Amino acid sequence: MGHTRGAVVRSAPGKFEVVDLEVDDPRPGEVEVKMVASGLCHSDDHIATGDIPVGTYPFAGGHEGSGIVTKAGANKKGLKEGDHVVFSFLPSCGHCRWCASGMQNLCDLGAGLLAGTRWEENSTRLKMADDGTPVGQMCGLSTFCETTLVSEDSCVKVPDDIPLEVACLVGCGVGTGWGSAVNAGGVQPGHTTIVMGIGGIGINAVQGAAHAGASQVIAVDPVALKREKAQQMGATHAVESMEEATELAKQFTNGQGADQTVVTVGVVKPDHIGQAMASIRKAGTVVVTALGDINSTEALPVSLADVTLFQKRLQGAMFGMSNPNWDILRQLELYRTGALKLDELVTSTYTLDQVAEAYDDMHAGKNIRGVIRY
């Protein structure tokens, strides 16, 4: 057992605070990782606000991370001390129905992501240093810890020459946004694409749509900084409201509407879905990637006539419908060749002790993506 420090929420709603923790030694199929960087994703803020309830409190946050293996139990992936790894926030077992059919993002192991305990057994790997209280791990990872213990199912070994300081971003935000446009939205050359909400996910939906050949990529955000950033990352237009975006899309398509609208707002509400459905053409697609109160039973303001008579598709997207064991490496190769931007995504860097401050900055619209550098 070793010592680490990590940011936890003791209850929700609450704020992240940094505490001393004890971390178990790796068991078979597990590795200990000294963190290099962690993205500050909105999903962890959803944990703090209580929009996403979890099974174990205190709960150590963070699920977008990269680091170097410091200890390794016997494992099928051959992970060993010194290996560079990026975490996939969704583990992949490799043999369930979903993994075997090319949908690793829906692996059955994902059912245990918010329990805080290991998915194969009801036990934790982190404890409070002062009194031994079990501490839950976000997605089995807790990248807001200086050193953490994770399953091999969550690890992707990456080339040593890729800078881990930015490689962390492909473990969640990049794949989620890029894949929401390319995989779930099916962007093709010549398409008109609207991206609704330009944060850590939306900015990568912009990149994905541009990379897939969309002629018009319309970014929508009320924050000027985010509109400006979107245009640097591939957006052809950036507007403040969906009304403006919908009108623009119709101008480009002889009145038909966007081919796809990707919903990547910070906290999704039913009205966002209604606005998105109104913005697309016949047989168009609305991709819903954003999260909100997952217990909400509010009705979606969606016209059944739109769905049936106009053949519109409402498509959910988890991790951008990606296969992390392949897509993480593919996206890093795109970065290596200059086709995918990662360095430009990082608006601000923080220390572990500044996690709460970083989320205040996110709420204030100051960040596209904040990153903890260890």
Side-chain angles (χ1 to χ4, degrees), residues 1-11 14-41 43-44 47-48 54-73 75 79-89 91 112-119 121 123-155 164-165 167-168 171-172 349-359 370-374:
M1 182 172 287
H3 176 78
T4 188
R5 296 170 69 246
V8 306
V9 286
R10 295 180 186 269
S11 60
K15 274 191 174 286
F16 282 106
E17 57 180 295
V18 178
V19 298
D20 290 319
L21 299 167
E22 299 294 337
V23 57
D24 287 354
D25 290 324
R27 305 179 192 187
E30 295 180 339
V31 292
E32 179 189 274
V33 177
K34 180 176 174 54
M35 297 302 300
V36 171
S38 173
L40 291 146
C41 182
S43 297
D44 296 289
I47 300 297
V54 299
T56 307
Y57 291 100
F59 193 78
H63 65 280
E64 184 181 85
S66 59
I68 299 170
V69 175
T70 45
K71 294 179 187 174
N75 64 87
L79 296 169
K80 62 187 186 303
E81 185 177 336
D83 283 348
H84 289 202
V85 293
V86 168
F87 299 142
S88 167
F89 83 91
L113 289 189
L114 300 175
T117 55
R118 275 291 180 265
W119 27 83
E121 57 180 84
S123 63
T124 61
R125 298 294 184 265
L126 299 176
K127 298 177 179 64
M128 298 290 280
D130 54 1
D131 61 7
T133 301
V135 173
Q137 284 182 272
M138 174 67 164
C139 297
L141 300 173
S142 295
T143 63
F144 295 170
C145 291
E146 293 170 339
T147 297
T148 190
L149 190 68
V150 303
S151 166
E152 64 176 321
D153 297 324
S154 304
C155 291
L164 290 173
E165 289 81 4
C168 65
C172 174
T349 58
Y350 300 89
T351 66
L352 175 63
D353 292 294
Q354 293 175 305
V355 170
E357 176 188 330
Y359 278 114
V371 171
I372 299 170
R373 298 270 172 88
Y374 289 97

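The structure displayed is predicted, hence computed values, not measured ones. Values reported hereafter were calculated over all heavy atoms of this structure, with side chains retained and with hydrogens, waters and symmetry mates removed.
With contacts defined as side-chain heavy-atom distances shorter than 4.5 Å, the pair Val36/Glu165 qualifies. Looking at Cys41 and Cys172, their side chains come closer than 4.5 Å, going by heavy atoms from C-beta outward. Side chains of His3 and Asp20 form a contact here, defined as non-hydrogen atoms less than 4.5 Å apart. Side-chain contact between Met138 and Leu114 is present, with heavy atoms from C-beta onward closer than 4.5 Å. Looking only at side-chain heavy atoms (C-beta outward), Cys145 and Val23 stay at 4.5 Å or farther from each other.
Classification of Arg5 and Glu146 as a salt-bridged pair holds, one side-chain N sitting under 4.0 Å from a carboxylate O.
Between Val371 and Ala37 the shortest heavy-atom distance is CG1-CB, 4.0 Å. Summarising the geometry of Ala7 relative to Val355, their closest heavy-atom pair is CB-CG2, 4.2 Å, with the distance given to 0.1 Å. In terms of heavy-atom proximity, Leu141 sits nearest to Ser88 at CD1-O, 4.0 Å. Closest approach of Ala358 to Leu40, counting heavy atoms only: CB-CD1, 3.6 Å. For Asn75 against Gly73, the heavy-atom pair with the smallest separation is ND2-O, 2.9 Å. Considering all non-hydrogen atoms of both residues, Glu357 and Tyr350 come closest at OE2-CE2, 4.4 Å.
Side chain of Gln354 to main chain of Thr351: a donor-acceptor pair is present (N/O by atom type, distance under 3.5 Å, no hydrogens or angles). Without hydrogens or angle criteria, Thr349 side chain to Arg373 main chain gives no donor-acceptor distance under 3.5 Å. Between the side chain of Thr56 and the backbone N or O of Ala115, at least one donor-acceptor pair lies under 3.5 Å. Side chain of Asp24 to backbone of Met1: no donor-acceptor contact under 3.5 angstrom is found.
With rounding to the nearest 0.5 Å, the separation of CZ in Phe144 from CG in Asp44 is 4.0 Å. Atom-to-atom distance recorded for Thr133:OG1 and Tyr57:OH is 15.5 Å, nearest 0.5 angstrom. The distance from atom OG of Ser66 to atom OH of Tyr374, rounded to the nearest 0.5 Å, is 10.0 Å. Put simply, CG on Leu113 and OG on Ser154 are 8.0 Å apart, with the number rounded to the nearest 0.5 Å. Once rounded to the nearest 0.5 Å, the distance linking NZ of Lys71 with CD of Glu81 reads 9.5 Å. With values rounded to the nearest 0.5 angstrom, Cys168 atom SG is found 11.0 Å from Phe87 atom CZ.
Exactly one of Leu79, Leu149, Val31 qualifies for a side chain to side chain contact (heavy atoms under 4.5 Å, CB included) with Pro26. That residue is Leu149. Of the candidates Leu21, Val19, Thr124, Val135 forms a side chain to side chain contact (heavy atoms under 4.5 Å, CB included) with just one, namely Leu21.
Below 30°, between 30° and 60°, or above 60°: for His63 and Phe89 the angle between ring planes is above 60°, a perpendicular geometry.
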Could you go step by step and tell me if Glu32 and Thr70 meet the side-chain hydrogen bond (donor to acceptor under 3.5 Å, both in side chains) rule?
CA-CA 6 Å; Glu32 179 189 274; Thr70 45; 2.6 Å; yes
Derivation and outcome, side chain to side chain contact (heavy atoms under 4.5 Å, CB included), residues Arg125 and Glu30
CA-CA 10 Å; Arg125 298 294 184 265; Glu30 295 180 339; 2.7 Å; yes
Evaluate the criterion side chain to side chain contact (heavy atoms under 4.5 Å, CB included) for residue pair Thr143 and Thr148; output intermediate values, then yes/no.
CA-CA 7 Å; Thr143 63; Thr148 190; 5.8 Å; no
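The environment of Lys34 atom NZ is sparse: at most 12 non-hydrogen atoms of other residues, nucleotides or ligands sit within 6.0 angstrom.
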